[in-house]
Amino acid sequence: MRRGPALLYCLAITFLALFMSVSPTRAGDEVRIQEEIWALPLPLPMFAYLVRPVGDGPFPLVIMNHGVSLNPTNRSFFPLVEFRDAAKWFARRGYLVVAPVGSGYGAAAIDIPERALYGPFFSKVGKCTNPNFHDAGLAIAQVDLWIIDYMAAEKRIIPTDVIVVGQSAGGWAAIALSSMNPPQVKAIIVFAGGRGGRVDGKPNNNCAPDRLVEATADFGRTSRVPMLWIYIGNDTFFGPDLSKRMHAAFIAAGGRAEYHLMPPFGNEGHFFIGSPDAVPLWSPLVAKFLDAQN
C-alpha cells in the first residue's frame with residue numbers, strides 16, 4: 001500500500017516531464033529551449049513549470065518564486081505558468097528555470113474551515129498588530145533549498161551556480177533566503193518584494209509597514225549574497241517610499257543590494273515581471289547584474 005502512491009508519483013513525474021518536452025521553441029538564432037511541467041517529489045510535493053535549453057546539461061539553475069494570495073478562491077485559479085516570458089528569457093541565456101507552484105495553489109487550494117478542510121497553505125503572516133513576516137519568508141526559502149538539492153541530485157544543474165528570482169511575496173522569500181547565505185546561490189533578483197501589501201484590497205494600505213522595514217533589516221544583518229532589487233513607480237502594494245525604506249534598512253544592516261526604481265508600468269506596476277512587454281525594460285538591468293557575478 002505504501003509503494004502505490006510513490007509509484008504513481010514517479011509515473012506522474014515521467015508523464016509530465018515528457019508532456020511538453022516534445023515542442024522545443026526557437027527565437028531567431030537564440031538558444032533553442034524546451035518547456036516542461038514537472039511534479040517535484042519534495043518533502044512538500046508540488047508542481048513546477050520548467051524551461052531549459054535543449055540538451056542534457058547540466059545547466060546553471062534559476063528558481064522563480066511567485067507571489068501570495070490570501071484568498072483561497074483566488075489561489076484555486078492560480079495559473080500553472082505565471083512568468084513564462086521572463087522564464088524563457090533566462091532559459092535563452094543558458095539557465096534551467098524552475099518556477100514552482102506553491103502549496104495551497106491550483107487544485108490544492110482547499111480551505112473550507114466549516115468542514116474542517118484545510119489545504120497545505122503556509123504563507124499567512126497573522127494579524128497586522130503582530131505580523132510574522134520572518135517565518136513567512138523563510139518557509140518559501142526552505143522550498144528553494146529543497147529544489148536546489150533535488151535538481152542537483154538529478155544531475156540536471158550546476159549546483160554551485162544558482163540564481164533565485166522572486167516577485168512580491170516570492171521576492172520577500174528571496175530576501176529571507178539571502179539571510180541564510182546558501183553556498184549554492186550566487187545571486188538573487190527581487191521584483192516588487194515584500195509582504196502585507198494592499199490590506200483589504202486597498203491600494204497603498206500596508207500591514208504594519210514599520211514592522212516590514214524592521215524585518216528587512218533583520219535579514220540584512222546576515223545577508224551577504226549579491227542582490228538586485230527592482231521596484232516600479234506605480235506599485236500599489238509596495239510603493240516607492242516603502243521600498244526605499246526597506247532597501248535603506250537592509251543596506252544599513254549590512255546586506256548587499258542594488259536598488260532600481262522603474263517608471264510606472266501599465267495600470268499596476270506590481271505585476272511588472274509577468275508582462276511580456278516588460279521584458280525589454282528589465283532585461284538590460286538583469287543582464288548587466290548577472291554578467292557582473294561571473
Side-chain angles (χ1 to χ4, degrees), residues 61-68 102 122-149 159-197 199 206-232 235 237-261 270 273 285-286 288-290 292-294:
L61 172 67
V62 167
I63 300 174
M64 300 189 73
N65 295 321
H66 64 70
V68 162
F122 54 81
S123 291
K124 296 179 180 179
V125 299
K127 296 181 179 180
C128 288
T129 53
N130 187 30
N132 185 349
F133 292 128
H134 293 80
D135 288 348
L138 291 170
I140 301 174
Q142 179 59 62
V143 172
D144 290 343
L145 296 177
W146 288 338
I147 291 172
I148 294 169
D149 289 345
T160 57
D161 195 354
V162 178
I163 307 295
V164 175
V165 180
Q167 185 265 348
S168 191
W172 178 249
I175 295 172
L177 178 67
S178 79
S179 72
M180 303 163 69
N181 296 300
Q184 310 97 315
V185 177
K186 63 189 297 185
I188 291 173
I189 303 168
V190 173
F191 286 86
R195 286 304 311 260
V199 177
N206 294 86
C207 175
D210 292 343
R211 294 286 295 274
L212 182 65
V213 172
E214 291 173 5
T216 309
D218 289 343
F219 288 143
R221 289 188 179 93
T222 57
S223 172
R224 298 299 180 265
V225 181
M227 302 183 74
L228 174 66
W229 293 14
I230 298 175
Y231 288 83
I232 302 85
D235 184 337
F237 288 73
F238 310 107
D241 290 343
L242 179 55
S243 65
K244 289 177 181 177
R245 287 182 60 201
M246 292 169 62
H247 180 254
F250 187 80
I251 294 298
R256 301 171 58 190
E258 177 184 334
Y259 176 94
H260 288 272
L261 181 65
H270 189 66
I273 190 178
L285 285 175
V286 172
K288 181 180 178 182
F289 172 74
L290 291 176
Q293 311 314 314
N294 295 324

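Residue numbers run from 1 in the order of the sequence given.
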Contact between I189 and V164 at the side-chain level, heavy atoms closer than 4.5 Å - yes or no?
no
Please lay out, stage by stage, how I63 and I148 fare under the test side chain to side chain contact (heavy atoms under 4.5 Å, CB included).
CA-CA 8 Å; I63 300 174; I148 294 169; 3.7 Å; yes
Value rounded to 0.5 Å, distance of CD1 in I140 from CG in D135:
11.5 Å
Over all atoms of both residues, closest heavy-atom pair of P240 and L261
CB-CD2, 3.9 Å
Taking the side chain as everything from C-beta on, heavy atoms only, tell me whether Q184 gets closer than 4.5 Å to D161.
no
Are the side chains of R256 and I251 in touch, meaning some heavy atoms are under 4.5 Å apart?
no
Mind checking whether F250 and W229 have ring centres under 6.0 Å apart?
yes
Given Y231, which partner from the list H260, M246, H270 fulfils the side chain to side chain contact (heavy atoms under 4.5 Å, CB included) test?
M246
Nearest heavy-atom pair of S168 and F238: which atoms, and what distance?
OG-CE1, 4.1 Å
For side chain to side chain contact (heavy atoms under 4.5 Å, CB included), just list the numbers for Q293 and I163, CA-CA rounded to whole Å, side-chain angles, deciding distance to a tenth of an Å, and then say yes or no.
CA-CA 10 Å; Q293 311 314 314; I163 307 295; 5.7 Å; no
Kindly state whether the ring of F219 and the ring of W172 have centres lying under 6.0 angstrom apart.
yes
Distance in Å, M180 CE paired with R224 CZ, rounded so as to fall on 0.5 Å steps:
15.5 Å
If you define the side chain from C-beta out and look only at heavy atoms, does anything of V225 sit under 4.5 Å from K186?
no
Can you tell me how far apart CZ (F191) and CG (L228) are? Round to the nearest 0.5 Å.
7.0 Å
Determine whether S243 and D235 satisfy the following criterion, side chain to side chain contact (heavy atoms under 4.5 Å, CB included), listing intermediate values before the conclusion.
CA-CA 10 Å; S243 65; D235 184 337; over 6 Å; no
Scanning both residues in full, the closest heavy-atom pair of A136 with V125 reads CB-CG1, 3.8 Å
Minimum heavy-atom separation for C128 and V199, please, with both atom names.
SG-CG2, 4.2 Å
How long is the span from the NE2 atom in H134 to the OG1 atom in T216, to the nearest 0.5 Å?
8.5 Å
On a heavy-atom basis, which atom in L138 and which in S179 lie closest, and how many Å separate them?
CD2-OG, 4.3 Å
d(L285 CG, E258 CD) to nearest 0.5 Å is 7.5 Å
State the CD-CZ distance between E214 and R211, to the nearest 0.5 angstrom.
6.5 Å
With a 4.0 Å cut-off, would you call R221 and D218 a salt bridge?
yes
What one should report as the nearest heavy-atom pair of S178 and S223 is OG-OG, 2.8 Å
Is any side-chain heavy atom of P183 less than 4.5 Å from a side-chain heavy atom of T160?
no
I'd like to check V165 versus N65 (side-chain heavy atoms, cut-off strictly below 4.5 Å). Are they in contact?
no
Please answer whether the main-chain N or O of A257 pairs with a side-chain N or O of H247 as donor and acceptor at a distance below 3.5 Å.
yes
V62/V162 under side chain to side chain contact (heavy atoms under 4.5 Å, CB included): CA gap, chis, key distance, verdict
CA-CA 6 Å; V62 167; V162 178; over 6 Å; no
Do V286 and I230 come close enough that some side-chain heavy atom pair is under 4.5 Å?
yes
Are side-chain heavy atoms of I175 and M227 found at a separation under 4.5 Å?
yes
